[in-house]
Amino acid sequence: MPAGNALAEGGTDSAQTQPGPAEFAKRAEKAFTDAKTRFEADTNNAEAAWQFGRACYDWADYAASDTRKAEIARLGIAACRKLVEKDTNSAPGHYYLAMDLGQLADARRGFEGLRIVSQMEAEFKIALGLDSKMDFAGPDRNLGLLYWQTPGWPISLGSKTRARQHLQQALKVSPDYPENHLNLLEAELKWGDTDSVIRGLKTLDELWPAARNKLTGDEWASSWADWDKRHDALEKKAGSLKASDAPRKKP
């Protein structure tokens, strides 16, 4: 039985005890504050710099306004830029610089935000060349999302071909990570690849319990809340796709 369905049938009391967005925001804010304190105490500490960049990315997700999101993102961008200027081979420095640039682009929106996309692409590509396995194939995963979710030429660099290539590569590099499956399945659903979605969901359902047992604790709670929601949505859509493809009975 798929994990999403198991949760749904597990009882209302269990679902009600799960943390929600307010708790996730509180945790992200604390992580941001702690990382900021550590970084400001030693701005030459490479690990403290990229960890602050990561914390900025996470905390920016819960910003109350685009202005505040941009402010948080710029802090992470500054820390990571300083890091990669000192150490051009810092994979996490380039990676979280790209991630924070993404938050800034999201805060600016429209054409102003799209102007940042090429910078994101460049930094993700550098990170990919330095460490393709980091963050569960994060460089490929995020390049795939970038090519999928941005407009194509001449407005921006969106490309179905490149999106598919990087999303599939992320899955190849880190096949046990749920996010890599979900991203590819959602893209294939948008592209109308019905058979791929149905096959991919079967594979995802098989690895779901093991992933849930492995990726545990407070640091994964918000990810699982997101993944469960997306998994359930894909299951429902796949069910409707199967029903529409079923042969009609003769009267």
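Heavy atoms only, all atoms of each residue included: Leu185 and Ser196 are closest at CD2-O, 4.0 Å.
Lys82 and Thr43 share a side-chain donor-acceptor pair at under 3.5 Å. With 3.5 Å as the limit, one finds no donor-acceptor pair spanning the side chains of Gln168 and Asp140.
Connectivity analysis of hydrophobic side chains (ILVMFWY, heavy atoms under 4.5 Å, direct or indirect) links Trp153 to nothing; its cluster partners are none.
Residues passing the ring-ring contact (aromatic ring centres under 6.0 Å, His included) test with Tyr62, sequence neighbours excluded: none. Every residue two or more places apart in sequence or in another chain that forms a ring-ring contact (aromatic ring centres under 6.0 Å, His included) with Phe39 is listed here: Phe52.
Within a 6.0 Å sphere centred on NZ of Lys172, heavy atoms belonging to other residues, nucleotides or ligands number 12 at most. Under a cut-off of 6.0 angstrom, the local environment of NZ in Lys160 is crowded, with over 12 non-hydrogen atoms contributed by other residues, nucleotides or ligands. Heavy-atom neighbours of Lys36 NZ from other residues, nucleotides or ligands within 6.0 Å: at or below the threshold of 12. Other residues, nucleotides and ligands place more than 12 heavy atoms under 6.0 Å from the CZ atom of Arg68.
Classification of the Tyr147-His166 ring pair by plane angle, with boundaries at 30° and 60°, yields tilted. Classified by interplanar angle (parallel below 30°, tilted 30° to 60°, perpendicular above 60°), the ring pair Trp208/His231 is parallel. Note on ring orientation: taking the six-membered ring where Trp is involved, the planes of Phe136 and Tyr177 are parallel (angle under 30°, cut-offs 30° and 60°).
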Applying side chain to side chain contact (heavy atoms under 4.5 Å, CB included) to Glu121 and Thr150, what does each step give before you reach the verdict?
CA-CA 11 Å; Glu121 179 190 34; Thr150 55; over 6 Å; no
Mind running side chain to side chain contact (heavy atoms under 4.5 Å, CB included) on Phe111 and Ile155 for me, showing each step along the way?
CA-CA 9 Å; Phe111 285 105; Ile155 297 174; 3.9 Å; yes
Candidate pair Ile198 and Leu201, rule side chain to side chain contact (heavy atoms under 4.5 Å, CB included), full reasoning
CA-CA 5 Å; Ile198 293 173; Leu201 264 175; 6.0 Å; no
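Ionic pairing of Arg108 and Asp66 is not present here: no N-O contact between side-chain nitrogen and carboxylate oxygen is shorter than 4.0 angstrom. Using a 4.0 Å cut-off between charged nitrogen and carboxylate oxygen, Asp226 and Arg230 count as a salt-bridge pair. Ion pairing of Arg141 with Glu179 is absent here, as no side-chain N (NZ or NE/NH1/NH2) approaches a carboxylate O to less than 4.0 Å.
Cluster annotation: Leu157 is not connected to Leu167 through the hydrophobic network of ILVMFWY side chains, with a link wherever side-chain heavy atoms come within less than 4.5 Å.
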